[in-house]
Amino acid sequence: MKQTLKALIQQAVVSLKDEGVLDQAVIANIVIERARDSSHGDFASNLALSLAKSAKINPLILAQKIIEALPDNDAVIKVEIAGPGFINFFIDPNRSYQIVSQIHQQGSQFGLSKVGGGKKIQVEFVSANPTGPLHVGHGRGAAYGSAVASLLEAIGFEVHREYYVNDAGRQMDILATSIWLRYLEECGEVVVFPNNGYRGEYVREIAWKLHDKVQNEYRHPAELVLEDIPADEAQGGDKEVHIDALIGRTKVLLGTTQYRDIFQAGLNAILDDIKVDLNEFGIDYKHWFSERKLMEEGAIETALNLLEAGGYLYKKEGATWFKSTQLGDDKDRVVVRDNGQSTYFASDIAYHMNKLDRGFDQIINIWGADHHGYIPRINAALLALGGDAKKLKVLLVQFAVLYRGDDKVPMSTRSGEFVTLRQLRGEVGKDAARFFYLMRRSDQHMDFDLKLATAKTNENPVFYVQYAHARICSVLRQLDEKNLERDLNLGMKSLKLLTASYEVILLNSLSRYPELLEKAALNYEPHQLIHYLRALANDFHTYYNAHQFLVDNVSLRNARLNLITAIKQVLSNGLTLLGIHSPEAM
RNA sequence: GCGUUUGUAGCUCAGCUGGAUAGAGCAUCGGCCUUCUAAGCCGAGGGUCGCAGGUUCGAGUCCUGCCAAGCGUACCA
């Protein structure tokens with residue numbers, strides 16, 4: 001309908017131009033909006049207002065001229081000028097009934113479109129280091145990333161979901177060393193656990209399993225392990241220097257094979273856990289991209305060589321630096337540390353180069369908001385490598401602060417005490433977790449109230465939408481129990497009987513779904529869909545309380561049944577996209 | 001300090017990319033179950049859209065300056 005009106009106005013503008021009333025240009029920005037107030041009709045355009053200045057015509061007069069030039073159309077029954085010069089369109093109510101049969105015909109496909117044109121978009125999200133279980137912060141990224149991916153898919157993009165596994169690099173070495181130290185404790189050695197080590201209970205569990213498997217085979221005396229190791233932070237030293245020395249010692253004492261064994265045991269245990277966790281949260285990745293593989297293929301060297309060839313690298317104080325300041329960054333960045341190890345940033349450059357090489361039309365990274373300072377340097381790297389930096393879009397997700405009622409839930413990664421995604425799912429369930437995560441704009445801080453998410457009362461917004469769906473299912477069950485016939489065709493023929501104000505509102509809400517979906521997807525804003533679903537559920541609940549559906553009048557009954565099953569379909573389509581279940585009964 | 005994000009009802013947040021009288025949920029108060037699920041519905045109260053300027057037919061939305069908060073500013077990831 002919007003498109004139709006747009007075309008009509010376009011024609012009007014063209015003819016006004018021919019008459020010399022309007023200058024050239026201007027056609028591009030014709031905006032049709034849904035009227036907020038029904039007294040303003042169904043759709044409105046502010047064209048006359050926006051053109052008035054450049055055309056040097058009073059907006060009211062211009063609006064009148066546009067209306068006069070407007071071609072006839074069956075659907076438009078009235079056009080009005082209102083306020084300072086808005087053009088309001090009133091649509092033939094009979095048109096609005098079409099949406100019901102359209103929804104029934106298209107079913108789960110209703111709302112999907114092809115505006116994406118099959119373009120390939122990669123969405124990379126979560127990508128937490130496999131050094132521990134996912135916590136609630138990752139959960140928000142997971143819910144958001146998967147919702148964005150689903151939305152883009154729904155409007156016709158070819159979406160590639162990817163998790164970048166940091167299975168190489170220093171953090172993994174710290175994990176392997178942490179596991180070994182816990183293993184040594186298990187063997188009976190007394191070691192001081194490093195400040196920078198991974199202290200979580202899961203590290204001990206991996207160490208126990210290792211001990212069960214190899215017994216004391218990997219044991220070395222604690223004195224030997226700690227001999228000449230620089231002091232840790234707690235002893236007045238530098239924790240980074242300390243841990244790096246410990247890693248080195250671990251590698252020397254264990255040798256390549258044994259070290260690799262521990263490293264791999266840790267990686268496998270944690271990555272498997274993450275995979276199961278995300279799968280249970282309703283997320284399926286197409287690709288778990290391994291950083292180590294990237295390194296083994298020499299991609300980092302290749303990337304650094306390219307930067308070198310472009311004159312973007314220099315040496316300072318033993319390290320290799322990238323001149324990112326030349327391309328918009330605040331300061332230059334280290335790519336190879338003075339100890340010869342390449343940085344995370346170097347891997348990331350290689351990874352993003354790889355992404356571009358794979359031919360995606362767009363690349364979306366979903367990052368924690370604390371990484372926002374990282375964006376300029378990645379952009380700089382892409383530019384330096386001659387890539388199309390515009391293809392990269394970074395979406396930021398703010399942290400969620402957990403509350404239980406009024407009390408803030410303490411979270412501290414350092415001590416290993418944090419609420420995991422798995423605990424959250426266990427406490428509030430997948431549906432509530434996803435709904436709450438998606439309820440707010442992703443780039444806003446959010447308070448996540450565990451008590452509210454678990455509440456089975458009207459305080460809880462999750463159930464509100466699901467309840468609408470379940471209620472409709474219940475009506476259909478009642479139909480059966482009362483031995484009433486359902487006649488779909490009769491219902492469709494009788495849709496004109498749906499003239500109650502609540503019914504008109506619902507028809508309008510339903511027809512908004514496809515355009516809302518498109519907008520939510522293109523703006524990467526799943527919360528818009530949540531808000532829509534809440535509003536639709538609200539419209540339905542109001543209708544439910546105001547009117548009986550299973551009435552004696554067969555035509556009216558079937559018309560209403562067709563309307564509410566259309567609502568059920570849209571609720572279900574929307575919830576499914578967000579990875580939330582649509583219950584038949586509650 | 002610099003960069004960046006944010007500031008809307010008592011609380012948590014929307015606000016359709018500059019439109020018409022600023023909206024929800026929760027909380028508070030008052031109504032609605034012998035009829036399809038009351039996890040629901042209806043109604044009421046509650047606002048200097050951080051402050052001050054500016055841009056224009058029109059500003060919560062755009063620009064500038066203050067004030068306040070979060071994040072970033074590593075040879076960590």
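Everything numeric here is computed off the predicted structure, so don't read it as measured data.
- Scored by the side-chain hydrogen bond (donor to acceptor under 3.5 Å, both in side chains) test, Asp42(A) finds no partners at all (sequence neighbours excluded).
- Across all strands shown, Asp332(A) has no heavy atoms under 4.0 Å from either base or sugar-phosphate atoms.
- Counting only residues at least two apart or on different chains, the side chain to side chain donor-acceptor pair (under 3.5 Å) pairs with a member in residues 334-345 of chain A are Asp244(A)-Arg337(A).
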Which donor-acceptor pairs under 3.5 Å do the side chains of residues 529-536 of chain A make with protein atoms, sequence neighbours left out?
{"from": "Tyr532(A)", "atom 1": "OH", "to": "Ser509(A)", "atom 2": "O", "distance (Å)": "2.7"}

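- Annotation: side chain to side chain contact (heavy atoms under 4.5 Å, CB included) contacts of Ser494(A) (sequence neighbours excluded): Leu490(A), Leu497(A), Ser555(A), Ala559(A).
- Interface residues of residues 162-178 of chain A facing RNA chain B, ordered by number: Arg170(A), Gln171(A); criterion, heavy-atom separation under 4.0 Å.
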Self-check item: Under the 3.5 Å Watson-Crick or G-U criterion, the dot-bracket string of RNA chain B, with | for inter-strand pairs
Solution: (((((((..((((.....[...)))).(((((.......))))).....(((((..]....))))))))))))....
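- By the side chain to side chain contact (heavy atoms under 4.5 Å, CB included) test, Tyr312(A) pairs with Leu307(A), Phe322(A), Gln326(A), Leu327(A), Ala384(A), sequence neighbours left out.
- A heavy atom closer than 4.0 Å to some atom of RNA chain B occurs in no member of residues 554-567 of chain A.
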Quick one: which protein N/O atoms are closer than 3.5 Å to N/O atoms of nucleotides 1-5 of chain B? Pair and distance per line, please.
{"from": "rG3(B)", "atom 1": "N2", "to": "His372(A)", "atom 2": "NE2", "distance (Å)": "2.8"}

Atom pairs under 3.5 Å, N or O on each side, protein against nucleotides 41-44 of chain B: can you list them with distances?
{"from": "rC41(B)", "atom 1": "OP1", "to": "Tyr464(A)", "atom 2": "OH", "distance (Å)": "2.2"}
{"from": "rC41(B)", "atom 1": "OP1", "to": "Asn538(A)", "atom 2": "OD1", "distance (Å)": "3.4"}
{"from": "rC41(B)", "atom 1": "O4'", "to": "Asn545(A)", "atom 2": "ND2", "distance (Å)": "2.9"}
{"from": "rC41(B)", "atom 1": "O3'", "to": "Thr542(A)", "atom 2": "OG1", "distance (Å)": "3.3"}
{"from": "rC42(B)", "atom 1": "OP1", "to": "Thr542(A)", "atom 2": "OG1", "distance (Å)": "3.0"}

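- Under the side chain to side chain contact (heavy atoms under 4.5 Å, CB included) criterion, Pro514(A) pairs with Phe110(A), not counting sequence neighbours.
- Evaluation of the side-chain hydrogen bond (donor to acceptor under 3.5 Å, both in side chains) rule for Asn379(A) yields no partner, not counting sequence neighbours.
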